[in-house]
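As the structure is a prediction and not an experimental result, all values here were calculated from the model. Below, chains carry the letters A, B, ... as their sequence lines are ordered, and counting in each starts from 1.
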Amino acid sequence: MEFKRRNGGPVMGGASQPKRGRTGGDWEDSPSLFEEELCMFEEAEMEAEDREGQAGHDVIPVGDLFSADLNPRWRRPHAPSLDSDSDTLVFQQIDLDYYLGSAVAGMPGQLQGKVPIIRMFGVTDSGNSVCCHVHGFAPYFYVPAPNGFTSDHLGEFKRELNSVVLKDMRSNKDNISVTVLAVDITRKESMYGYHGRRNLDFLRITMAMPRLIAPAKRLLEQGFKFGPFPIQNYQSYEANIDFEIRFMVDTDVVGCCWIELPKGKYRVREERSVSLCQYEVDVGWTDLISHPAEGEWQRIAPLRVLSFDIECAGRKGIFPEADKDPVIQIASMVQRQGETEPFIRTVFTLQSCASIVGSQILCFTQEKQLLQSWAEFVRTVDPDIITGYNIQNFDFPYLLNRAAALKVTLFPYLGRVQGIKSVLRDMNFQSKQMGRRENKTINIEGRVQFDLLQVLLRDYKLRSYTLNAVSFHFLQEQKEDVQHSIITDLQNGNEQTRRRLAVYCLKDAYLPLRLLQKLMCVINYMEMARVTGVPLTYLLSRGQQIKVVSQLLRQAMKQDLVMPVVKTETGEDYTGATVIEPEKGYYSVPIATLDFSSLYPSIMMAHNLCYTTLLQKGSVEKLGLSPEDFIKTPTGDQFVKSSLRKGLLPEILENLLSARKRAKAELKKETDPFKKQVLDGRQLALKISANSVYGFTGAQVGKLPCLEISQSVTGFGRQMIERTKQLVESKYTIANGYQADAKVIYGDTDSVMVKLGVATVREAMDLGKEAAEWVSSHFVHPIKLEFEKVYYPYLLINKKRYAGLYFSSSADTHDKMDCKGIETVRRDNCPLVANLINTCLQSILIDRDPQGAVAHAKEVISDLLCNRIDISQLVITKELTRTAQEYAGKQAHVELAERTPSTCWRTTFPSTHSTTWSSSCPNRSRQRASCSVSLHTTHTHTHTHTLNEHQDCT
DNA sequence: AGGACCACCTAG
DNA sequence: TGAGCTAGGTGGTCCT
């Protein structure tokens with residue numbers, strides 16, 4: 001039930017070689033490691049290019065920037081001409097949107113007025129870009145047909161609805177004359193609640209464009225009258241589905257899948273092409289073939305990934321403002337997905353700049369020209385994915401604003417569709433999970449914006465999210481050493497100082513690429529898009545729910561089930577999981593841990609919990625069900641058994657979990673490292689997806705909350721953990737011939753920690769496995785209790801706070817020291833505390849020397865009191881102190897410090913909710929706070945030390 | 001002193 | 001108009 005990688009966690013993809021750090025800080029004398037690296041790129045390429053007779057250019061005078069001779073690599077590979085009569089077009093779709101346009105002759109759909117057209121962007125196996133316009137798909141939704149409705153009434157219904165929708169429009173600037181395209185009768189069943197498997201007549205209402213769905217739905221809900229029928233309120237179904245998702249679900253297209261346009265079924269645009277893509281085609285929506293991501297269709301096209309970074313010359317102490325401060329450098333790196341090195345490394349500079357081996361420098365005397373040329377560079381390189389660090393909220397907005405300030409009119413056309421301007425918008429994204437977050441967004445049609453900062457904020461819990469910290473954490477590598485404050489000075493210096501800045505800027509463009517690769521972001525996100533069926537861009541711009549909705553709709557469609565639109569209202573929270581009261585203390589005996597694997601998904605599968613199986617009040621009587629047809633959950637809710645109807649959610653979960661098993665099996669067999677990465681990304685996506693189904697049903701402000709499901713799930717969970725405790729403690733007893741009476745000393749949600757009374761890890765493992773198997777036999781398939789690990793020794797401080805040496809792979813050596821909930825894993829303490837506690841825990845658990853722990857803590861405190869340490873927030877839990885003392889046999893009559901507020905400055909960033917600690921004041925202009933240290937020692941006196949903003953923190 | 005409440009962050 | 005869930009520890013503030 002863990003969705004976010006804690007503290008970065010172990011980084012997947014094998015260990016990386018830590019780079020040796022740069023020793024001297026003397027920049028001009030010795031080139032940095034990064035420069036050596038750039039140099040190596042150059043050497044490798046020189047060899048290759050010598051054969052082709054292309055000389056490398058270090059510094060290029062601005063002029064023929066875009067001529068093929070000078071920059072042969074900028075353009076995509078040549079695209080052979082395409083003949084739709086004889087060629088099949090196959091491409092991997094990476095972005096999908098829609099627009100309103102005029103009908104194209106020969107394509108299906110409405111002919112007059114503006115029609116919605118789906119647009120897919122993608123790349124072929126040979127690296128050519130594709131823009132595919134898909135015609136004839138229109139948005140629709142459902143309402144139940146009123147009693148007595150027949151096909152004779154369709155015309156009247158349609159006319160009347162059309163008329164009220166038209167009347168409802170405040171302005172009609174698109175001059176829409178027809179809003180309702182069609183109304184059909186179709187047999188469907190609501191997915192909410194079991195009502196005896198009877199399909200009813202539903203009206204499928206097709207609208208002319210997506211934005212007409214909401215008013216039509218509203219008008220029907222508020223009360224709609226037509227023909228002889230009385231005024232009536234219509235409950236609507238599937239009226240809140242994004243148009244893109246609607247299309248993808250109906251055509252079996254998933255995010256990042258391969259699309260095939262059979263020969264003869266599509267048209268190549270010769271004139272009238274609107275995109276910058278190499279191929280631009282039109283196709284009818286029923287003519288495209290979507291390939292499931294299996295076998296050969298798991299591959300990934302050679303996508304172009306552009307990473308960039310900008311530098312601005314800010315004024316002293318003022319954050320750069322786009323209307324005043326110039327953009328002085330833009331570094332860009334372009335890499336093909338799947339390759340290890342960027343094949344374009346370039347930096348656009350304002351004013352001259354000395355050459356950097358391995359990268360191309362383009363110097364400009366006019367900032368306007370720099371910006372304009374960079375935009376042209378982007379259009380020429382035609383990247384599929386644009387990355388960088390905080391590009392979404394800084395670099396892109398700054399560039400757009402700066403270009404506007406300088407009136408570089410051709411700058412903001414960065415997308416793949418000609419004539420569409422990239423504009424900046426403020427978005428207010430908010431979720432319980434991530435809090436309120438102000439975000440800026442810009443539209444870049446056809447290119448996926450993959451801001452690495454946003455990825456890290458979503459997927460990793462880190463202490464700090466600066467590029468420097470993140471690079472160090474994942475790559476053991478850091479940024480080039482340039483202080484922000486000296487950027488302007490470097491720019492105003494000479495070509496050597498600007499060169500130093502350029503190296504810095506290049507590295508900041510390079511690091512995101514390295515991180516993307518190391519963390520396998522592109523692969524993992526693509527796999528998530530494929531597994532859940534949503535476009536790649538949704539994964540970064542939307543929440544968790546849309547992924548479940550997409551899967552739910554796909555499953556529902558097969559059974560003619562439709563999803564109601566529910567009004568969201570928050571009610572009472574429901575009861576969650578049980579946390580077994582811990583028997584706090586230090587255990588110098590092995591503690592076995594048994595876990596239910598995928599507890600909540602397996603509960604939903606085992607008991608067939610779903611919207612479609614829920615028996616609402618009175619249903620049992622109404623449907624005349626007998627007791628063996630349904631179950632009653634611990635919360636008193638009723639669901640029919642799978643013999644009557646198999647639930648959609650259990651089906652989805654089974655598919656996800658069996659697909660995960662397959663992926664893991666394939667992963668084991670696979671030898672190709674690249675395919676391995678894909679498979680690992682897939683199994684991870686499948687696991688996360690399975691776990692988020694439960695959360696979806698409990699999301700009260702959501703697309704389809706169903707607390708009967710979520711509270712039944714947790715209810716079963718509570719019952720199960722209680723039962724598990726009883727079972728274990730009843731069987732593993734001296735009376736039954738075991739060495740000791742087993743005792744469950746702790747448990748949380750889906751796990752129990754058992755003191756089995758055996759002396760060795762080996763015995764605990766063996767007995768643990770046996771116990772897990774035996775307990776499993778008492779539960780319904782596929783619920784399974786598994787032996788996970790042995791803790792030895794184990795320090796149980798409180799609920800959700802413990803530490804122990806973790807034995808799993810071997811009984812002889814521990815895998816790690818596992819700490820849960822303790823200061824060492826929390827980000828709201830300064831590092832000193834985390835380090836101190838960590839050292840103490842190591843002392844206690846590994847060295848088995850609690851006095852050592854106490855001594856160490858004392859020493860640190862004493863250092864603090866004597867100002868020998870510049871940072872100091874000390875928080876040692878009372879429990880840890882007590883436990884350490886207990887273990888030490890009360891011999892150590894030292895009370896550790898209880899709590900000491902800080903002399904270091906804590907900064908919490910509201911945007912990211914992250915906290916950083918520093919010994920210097922982060923913002924001198926703003927703080928009024930004073931900080932104090934107060935320590936209690938056994939010698940009774942209290943030291944209080946207060947610092948305020950006028951004192952130096954060190 | 002003790003409790004109600006909040007913010008923050010974690011466990012699962 | 002879009003947002004997965006609950007349990008619970010710890011430390012802080014404010015009130016009585």
Original post:
Atom NZ of K567(A) and atom P of dG2(C): how far apart are they, to the nearest Å?
Top reply: 19 Å
Original post:
With a non-hydrogen cut-off below 4.0 angstrom, is T575(A) in contact with a base, only sugar-phosphate, or nothing?
Top reply: sugar-phosphate
Subject >> Any Y574(A) side-chain N or O less than 4.0 Å from OP1/OP2 of dA7(C) >> reply: no
Original post:
Between T578(A) and Q545(A), which is nearer to the 5' end of DNA chain C once each is assigned its nearest nucleotide?
Top reply: Q545(A)
Original post:
Just checking, any donor-acceptor pair under 3.5 angstrom between side chains of Y140(A) and E238(A)?
Top reply: no
**OP:** Ignoring the backbone of V579(A), work out which of dG12(B), dG4(C), dA7(C) is nearest its side chain.
**Re:** dA7(C)
Original post:
So what does Y746(A) hit on the nucleic acid, given a heavy-atom distance under 4.0 Å: a base, only sugar-phosphate, or nothing?
Top reply: nothing
Output a table of donor-acceptor pairs, distance under 3.5 Å, between side-chain atoms of residues 704-711 of chain A and any protein atom two or more places apart or on a different chain; print 'none' if there are none.
from	atom 1	to	atom 2	distance (Å)
S710(A)	OG	C706(A)	O	3.3
Q711(A)	NE2	D637(A)	OD2	3.0

**OP:** Please measure how far the P atom in dG12(B) lies from the corresponding atom in dG4(C), and state the result in whole Å.
**Re:** 23 Å
**OP:** For the helix from dA1(B)-dT16(C) to dG12(B)-dC5(C), measure the angle between the helix axis at one end and the axis at the other, each built from five pairs, rounding to 10°.
**Re:** 20°
Original post:
How would you list all residue pairs meeting salt bridge (charged side-chain N to carboxylate O under 4.0 Å, His left out) that involve residues 527-539 of chain A, not counting sequence neighbours?
Top reply: E527(A)-R530(A), E527(A)-R682(A)
**OP:** Go through the structure and list residues passing side chain to side chain contact (heavy atoms under 4.5 Å, CB included) with S776(A), not counting sequence neighbours.
**Re:** K784(A), L785(A)
**OP:** Give a yes/no on whether any side-chain N or O of R826(A) is located under 4.0 angstrom from OP1 or OP2 of dT10(C).
**Re:** no
**OP:** Compare side-chain N and O positions of N798(A) against OP1 and OP2 of dT10(C) and report whether any pair is under 4.0 Å apart.
**Re:** yes
Subject >> For atom CD1 of I797(A) and atom P of dG8(C), their distance in whole Å >> reply: 18 Å
Original post:
Starting at CG of D573(A) and ending at P of dC5(C), how long is that distance when rounded to a whole Å?
Top reply: 9 Å
Original post:
In whole angstroms, how far is the C1' atom of dA11(B) from the CD1 atom of I721(A)?
Top reply: 12 Å
Original post:
Which part of the nucleic acid, if any, lies within contact of G698(A), taking any heavy atom under 4.0 Å across all strands shown: a base, the sugar-phosphate backbone alone, or nothing?
Top reply: sugar-phosphate
**OP:** Send over the distance from K799(A) NZ to dG9(C) C1', rounded to a whole Å.
**Re:** 10 Å
**OP:** Could you check V701(A) against K800(A) and say which one's nearest nucleotide on DNA chain C is further toward the 5' end?
**Re:** V701(A)
Original post:
How would you list, by chain and number, every residue that makes a side chain to side chain contact (heavy atoms under 4.5 Å, CB included) with S602(A), sequence neighbours excluded?
Top reply: M605(A), P782(A), I783(A)
**OP:** In sequence, state the C-alpha distance, the side-chain angles, and the governing distance for D815(A) and K789(A), and then conclude on salt bridge (Lys or Arg N to Asp or Glu O under 4.0 Å).
**Re:** CA-CA 10 Å; D815(A) 301 279; K789(A) 67 226 168 197; over 6 Å; no
Original post:
What pairs with F639(A) under ring-ring contact (aromatic ring centres under 6.0 Å, His included), at least two apart in sequence or on another chain?
Top reply: none
Original post:
If you measure only the distance, is there a donor-acceptor pair under 3.5 Å linking the side chains of D459(A) and Y525(A)?
Top reply: yes
Subject >> Whole-Å gap separating P (dA3(C)) and CZ (R542(A)) >> reply: 5 Å
Original post:
dG11(C) P sits how many Å from I822(A) CD1, rounded?
Top reply: 13 Å
**OP:** Please state how far atom CD in E572(A) lies from atom P in dT6(C), giving the value in whole angstrom units.
**Re:** 12 Å
